[in-house]
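So the structure is just underneath, and the comments pick up after that.
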Amino acid sequence: AAEDVAEALDAVVGAGCSKPKPWFAVSAKALALAAGVFDTEFTLPVFDIEVAAFLVDPLTQRNLASIASQFLLGAVPSWEDLAGRGAKQLAAPDIPIAALSDWAARQVCAACALRPLLEERLEKDGLAALFGEVELPLTAVLAEMERVGVRVDEKKLKTLSKRYAT
């Protein structure tokens with residue numbers, strides 16, 4: 001299974017190539033997390049829809065359906081719309097291929113339509129440098145922290161909490 005994931009990631013981002021393909025993501029952090037779990041090299045995308053949408057509007061929910069609804073003013077089905085939720089949620093192999101293909105195509109179309117809109121907004125709002133120099137590179141760091149965990153000095157944290165609460 002790890003070989004399949006590595007092969008899929010390489011096909012998408014060209015991680016195994018000497019010169020990776022430029023690519024963009026809806027959620028680079030999720031892909032970086034998966035790459036770390038399967039010990040696969042990860043190359044950062046040139047753009048991330050969720051990170052850009054967060055910078056433009058921090059109150060935006062971070063999923064493609066919500067971002068598309070806000071910025072494209074159109075409905076893009078979420079995974080839950082396709083598969084259901086809770087005990088009645090279908091596993092991906094149980095979803096008819098035509099429905100799965102339609103859902104995936106709509107996701108790709110929404111992401112492709114969102115990218116130029118969000119790039120323009122980042123420029124207009126003076127956030128392009130922050131996005132490219134800070135936020136986007138942090139996605140891989142945050143994914144690694146999420147994967148391996150972070151040690152917290154509880155005593156020090158409690159002391160700081162009391163100091164900043166006053």
Side-chain angles (χ1 to χ4, degrees), residues 1-15 21-122 125 127 130-131 134-152:
E3 296 85 27
D4 294 337
V5 172
E7 185 178 345
L9 282 169
D10 186 52
V12 173
V13 302
K21 305 169 197 163
W23 65 290
F24 75 97
V26 172
S27 176
K29 189 174 90 167
L31 292 171
L33 186 56
V37 167
F38 290 100
D39 198 29
T40 301
E41 186 179 340
F42 181 76
T43 303
L44 279 175
V46 295
F47 194 81
D48 185 302
I49 300 290
E50 287 184 358
V51 173
F54 173 75
L55 279 177
V56 168
D57 181 0
L59 299 178
T60 298
Q61 289 186 12
R62 284 185 232 153
N63 63 68
L64 189 62
S66 296
I67 295 167
S69 176
Q70 179 178 350
F71 292 97
L72 297 176
L73 304 176
V76 174
S78 67
W79 179 256
E80 289 79 20
D81 293 333
L82 175 67
R85 44 173 74 179
K88 294 184 179 184
Q89 184 176 22
L90 297 173
D94 297 332
I95 298 171
I97 194 71
L100 191 58
S101 299
D102 180 66
W103 176 83
R106 289 172 184 251
Q107 299 291 303
V108 170
C109 288
C112 289
L114 281 165
R115 181 180 174 184
L117 296 175
L118 291 169
E119 285 176 326
E120 182 180 318
R121 233 353 245 287
L122 289 169
D125 294 351
L127 298 168
L130 176 65
F131 173 81
V134 178
E135 296 293 339
L136 192 57
L138 273 177
T139 58
V141 174
L142 293 173
E144 183 67 7
M145 289 172 64
E146 209 171 290
R147 188 176 74 77
V148 298
V150 179
R151 178 169 283 191
V152 176

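One-based numbering along the sequence shown. On a predicted model such as this, the values are computed, not experimentally measured, just so you know.
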Verdict with reasoning, W23 to L31, per side chain to side chain contact (heavy atoms under 4.5 Å, CB included): CA-CA 12 Å; W23 65 290; L31 292 171; 3.5 Å; yes
Within 6.0 Å of CG in D39, more than 12 heavy atoms from elsewhere: no
Distance (rounded to the nearest 0.5 Å) between L142 CG and R147 CZ: 14.0 Å
Pairwise distance CD(E50) to CG(L114) - rounded to 0.5 angstrom: 11.0 Å
Crowding at CZ, R115 (>12 non-hydrogen neighbours, <6.0 Å): yes
Smallest separation among heavy atoms of A53 and I67, with atom names: CB-CD1, 3.7 Å
L130 side, atom CG; L55 side, atom CG - distance, nearest 0.5 Å: 5.0 Å
Close side-chain approach of L64 to S27, heavy-atom, < 4.5 Å: no
Between CD on residue Q89 and CG on residue L82, distance to nearest 0.5 Å: 9.5 Å
Nearest heavy atoms of L33 and E146, plus distance in Å: CD2-OE2, 3.5 Å
Between CG on residue D125 and CD on residue E120, distance to nearest 0.5 Å: 10.0 Å
Approximate separation, where rounding is to 0.5 Å, of Q70 CD and T60 OG1: 3.5 Å
Nearest heavy atoms of A68 and V76, plus distance in Å: CB-CG2, 3.5 Å
Heavy-atom closest contact (A32 atom, A140 atom, distance): CB-CA, 4.3 Å
Ring geometry between F24 and F47 (parallel below 30°, tilted from 30 to 60°, perpendicular above 60°): perpendicular
Verdict with supporting geometry, F71 and V56, side chain to side chain contact (heavy atoms under 4.5 Å, CB included): CA-CA 10 Å; F71 292 97; V56 168; 3.8 Å; yes
Heavy-atom check, side chain of L117 versus side chain of L72, under 4.5 Å: yes
Beyond-backbone contact of Q107 with W79, side-chain heavy atoms, under 4.5 angstrom: no
Least distance between heavy atoms, A28 atom then A25 atom: N-CB, 3.7 Å
Closest non-hydrogen atom pair between V26 and A111, with its separation: CG2-CB, 3.9 Å
